[in-house]
Amino acid sequence: DGVPLLPLFPFGHGLSYTKFDFRGLRVDGARGLPPAAAGAQLEQLGLNVSLVVQNNGSRAGATPVIVTYSKVTRGVVRFDRETR
């Protein structure tokens, strides 16, 4: 009809035609962990992360599992230099 239609997302932009459930997250080796070096891999830190990914949709599909971590801090974080 002459009206250009643009998709909301480019093809393959994280959308899936099925549904995945994630359960049973388990992290082994985290107790007594020293502060992580910037960019350290989980294997370098002695961590093992596992979980169950189940496709509960009506179509076949695949999904990546992305694990991120950060240092938990307590109290006030002070910078080496700050304006007072």
If I compare all heavy atoms of L51 with all of L25, which pair ends up nearest, and what's the gap?
CB-CA, 4.0 Å
hydrophobic_cluster_shared for V27 and V67, side chain cutoff 4.5 Å:
yes
Kindly indicate whether the side chain of F22, heavy atoms from C-beta on, has any atom under 4.5 Å from the side chain of V65.
yes
State whether D21 and R23 are salt-bridged, where the test is any N-O pair (Lys NZ or Arg NE/NH1/NH2 against Asp/Glu carboxylate O) under 4.0 Å.
no
Check for a donor-acceptor pair, side chain of T18 on one end and backbone N or O of R59 on the other, with a separation under 3.5 Å.
yes
